[in-house]
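Reviewing the structure listed below.
Keep in mind the model is a prediction, meaning the values are calculated, not measured. Chain letters run A, B, ... following the sequence lines, proteins first and then strands; every chain starts at 1.
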Protein chains: 2
Amino acid sequence: MTTSLGTLELSALLSVARLGDDAYGLAVRQDLSERAGRDYSVGAIYTTLQRLEDKGLLASRASEPLPVRGGRSRRHFRLTGAGSRAIRDAERQTASMWDGVGTRIRVRPA
Amino acid sequence: MTTSLGTLELSALLSVARLGDDAYGLAVRQDLSERAGRDYSVGAIYTTLQRLEDKGLLASRASEPLPVRGGRSRRHFRLTGAGSRAIRDAERQTASMWDGVGTRIRVRPA
DNA sequence: CCCTATTTGTTCTACAAACTAGAGCTTATG
DNA sequence: CATAAGCTCTAGTTTGTAGAACAAATAGGG
């Protein structure tokens, strides 16, 4: 079952992995916007996170509100087992696609 | 102008880079199918290659027919300057997205 | 030789999935 | 009540996908 993620789907999945406990919508949006060098709309991010949850690669829970200006409850995401596996699969596939292209991206020898 | 390619678009672009003078529709299809571990339909490949040409990342020319069974003229693709640049951009972006995820994919130090 | 079966290669059509923007709603503090 | 942070919804565009149909070549038997 190789689901083959979209570009933004994989990016969002990786962002959640990277952000860990701090992974919620606007944080993912900021992380990806910085890395991609362009602004993602809020809609782009949330629909993508929702799709990943629908696919069972992410799970979400509501956080407690924070005692700061506008600090309402956040929807926190974490990787599921299937999500971690999807990342490993994507890693192999990405390496395979770049293989032989004369790029600097390489798979470190096991 | 960061066009941000789709998953299959980038894969096809990389395949053309890898195959060099041997880059034509069915060869790209076979190359990608092997690497992805699944079969792409002919339509998936050709429409993608056409879109990449429309975007100016690939150029194509017709080859001479080959003197073998079914050896009709092929449509050969090559990278344009913009295509090469797109690959370099994608490389940076891919590395950036994977950065900090605890994977084996790394950017070799310059 | 000439049909026609087979092989390789491409085009065309149509629909499904992913990407995207931004308005608008909600809930918190100042 | 104003402002800030966060999320949901809607709708349009772009990509991904399959497979039938078409085209052009050679093989081989009659």
Side-chain angles (χ1 to χ4, degrees), chain A residues 1-13 15 19 22-33 36 38-55 57-58 60-77 86 90 93 97, chain B residues 1-13 15 19 22-33 36 38-55 57-58 60-77 86 90 93 97:
Chain A
M1 192 209 80
T2 306
T3 312
S4 185
L5 297 168
T7 300
L8 184 54
E9 287 181 324
L10 177 56
S11 295
L13 201 62
S15 185
L19 294 172
D22 300 324
Y24 69 100
L26 292 189
V28 168
R29 181 187 182 216
Q30 182 175 343
D31 178 52
L32 293 184
S33 294
R38 74 185 189 85
D39 265 20
Y40 288 101
S41 65
V42 290
I45 299 301
Y46 283 103
T47 56
T48 300
L49 289 170
Q50 181 62 59
R51 232 179 296 128
L52 289 170
E53 184 163 26
D54 292 344
K55 291 182 180 181
L57 305 184
L58 292 179
S60 68
R61 69 181 196 291
S63 75
E64 289 302 304
L66 296 177
V68 300
R69 190 76 176 279
R72 59 173 289 198
S73 173
R74 296 170 174 172
R75 185 175 166 196
H76 277 262
F77 291 88
Q93 180 144 329
M97 288 300 173
Chain B
M1 192 210 81
T2 306
T3 312
S4 185
L5 297 168
T7 301
L8 183 53
E9 287 182 323
L10 177 56
S11 295
L13 201 63
S15 185
L19 294 172
D22 300 325
Y24 69 100
L26 293 189
V28 168
R29 181 187 182 217
Q30 183 175 340
D31 179 52
L32 293 184
S33 294
R38 75 185 189 86
D39 266 19
Y40 287 101
S41 65
V42 291
I45 300 301
Y46 283 101
T47 55
T48 300
L49 289 170
Q50 180 64 59
R51 280 173 197 156
L52 289 171
E53 183 164 25
D54 292 344
K55 292 182 179 181
L57 305 184
L58 293 179
S60 68
R61 69 181 197 290
S63 75
E64 289 303 304
L66 296 178
V68 299
R69 190 77 175 279
R72 58 174 290 197
S73 173
R74 295 169 174 173
R75 185 173 166 198
H76 278 261
F77 291 87
Q93 180 144 328
M97 289 300 174

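Heavy atoms only, all atoms of each residue included: A:Ser4 and B:Thr7 are closest at OG-CG2, 4.5 Å. Taking each heavy atom of B:Phe77 and B:Tyr24 in turn, the nearest pair found is CD1-CA, 4.4 Å. Considering all non-hydrogen atoms of both residues, B:Asp22 and B:Ala27 come closest at O-CB, 3.5 Å. Across all non-hydrogen atoms, the minimal contact from A:Glu9 to A:Gly6 is OE1-N, 2.8 Å. A:Ala90 approaches A:Leu10 most closely through the heavy-atom pair CB-CD1, 3.8 Å.
Going from atom CG of A:Leu8 over to atom P of D:dT14 covers 17 Å, rounded to whole Å. Rounded to whole angstrom, the span from the OH atom of A:Tyr40 across to the P atom of D:dC7 amounts to 18 Å. Distance, A:Ile45 CD1 to D:dC7 C1': 13 Å, rounded to whole Å. When rounded to the nearest whole Å, the span between CG of B:Asp39 and C1' of D:dG19 equals 13 Å. Taking atom CG on B:Leu66 and atom C1' on D:dA27, their separation rounds to 17 Å, with Å as the unit. The nearest whole Å value for the distance from the CD atom in B:Glu64 to the P atom in D:dT26 is 12 Å. Straight-line distance from the CZ atom of A:Arg75 to the C1' atom of D:dC9: 13 Å, rounded to whole Å.
Nucleic acid contact class of A:Val68 (heavy atoms, under 4.0 Å, all strands): sugar-phosphate only. Base engagement by A:Gly43 is indicated by at least one non-hydrogen atom pair under 4.0 Å involving a base atom.
Annotation: side chain of B:Met97 is in contact with side chain of A:Leu32 (closest heavy-atom distance under 4.5 Å). Contact check for B:Leu26 versus B:Ile45: no side-chain heavy atoms found under the 4.5 Å cut-off. The shortest distance between side-chain heavy atoms of A:Leu5 and A:Lys55 falls below 4.5 Å.
On a pure distance criterion of 3.5 Å, no polar donor-acceptor pair joins the side chain of A:Arg72 and the base of D:dA5.
A residue-by-residue look at B:Phe77 and A:Leu5 shows that B:Phe77 has its nearest nucleotide of DNA chain C further toward the 5' end.
In terms of the side chain to side chain donor-acceptor pair (under 3.5 Å) criterion, residue partners of A:Ser15 (sequence neighbours excluded) are, by chain and number, A:Asp31. Considering only residues two or more places apart in sequence or on other chains, A:Tyr40 meets the ring pair (Phe, Tyr, Trp, His ring centres under 6.0 Å) condition with none of them. In this structure A:Ser63 satisfies the side chain to side chain contact (heavy atoms under 4.5 Å, CB included) test together with A:Ser73, A:Arg74, A:His76, sequence neighbours excluded. B:Tyr46 pairs by the ring pair (Phe, Tyr, Trp, His ring centres under 6.0 Å) definition with nothing, not counting sequence neighbours.
Within the structure, salt bridge (Lys or Arg N to Asp or Glu O under 4.0 Å) contacts touching residues 60-70 of chain B (residues at least two apart or in different chains) do not occur. Among pairs with a residue in residues 40-54 of chain B, those fulfilling salt bridge (Lys or Arg N to Asp or Glu O under 4.0 Å) read B:Glu53-B:Arg75, at least two apart in sequence or across chains.
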Give each protein N/O atom lying under 3.5 Å from an N/O atom of nucleotides 2-4 of chain D, with the pair distance.
unit_1 : atom_1 : unit_2  : atom_2 : d
D:dT3  : O4'    : A:Arg69 : NH2    : 3.1
D:dT3  : O2     : A:Arg69 : NE     : 3.4
D:dT3  : O2     : A:Arg69 : NH2    : 3.4

Distances for protein N or O near nucleotides 28-30 of chain D N or O, under 3.5 Å:
none

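Residues of residues 47-55 of chain B having a heavy atom closer than 4.0 Å to DNA chain C, listed by number: B:Thr47.
Here chain B contacts DNA chain C (any atom closer than 4.0 Å to a heavy atom, that is under 4.0 Å), and the contacts span C:dT6 to C:dT13 from 5' to 3'.
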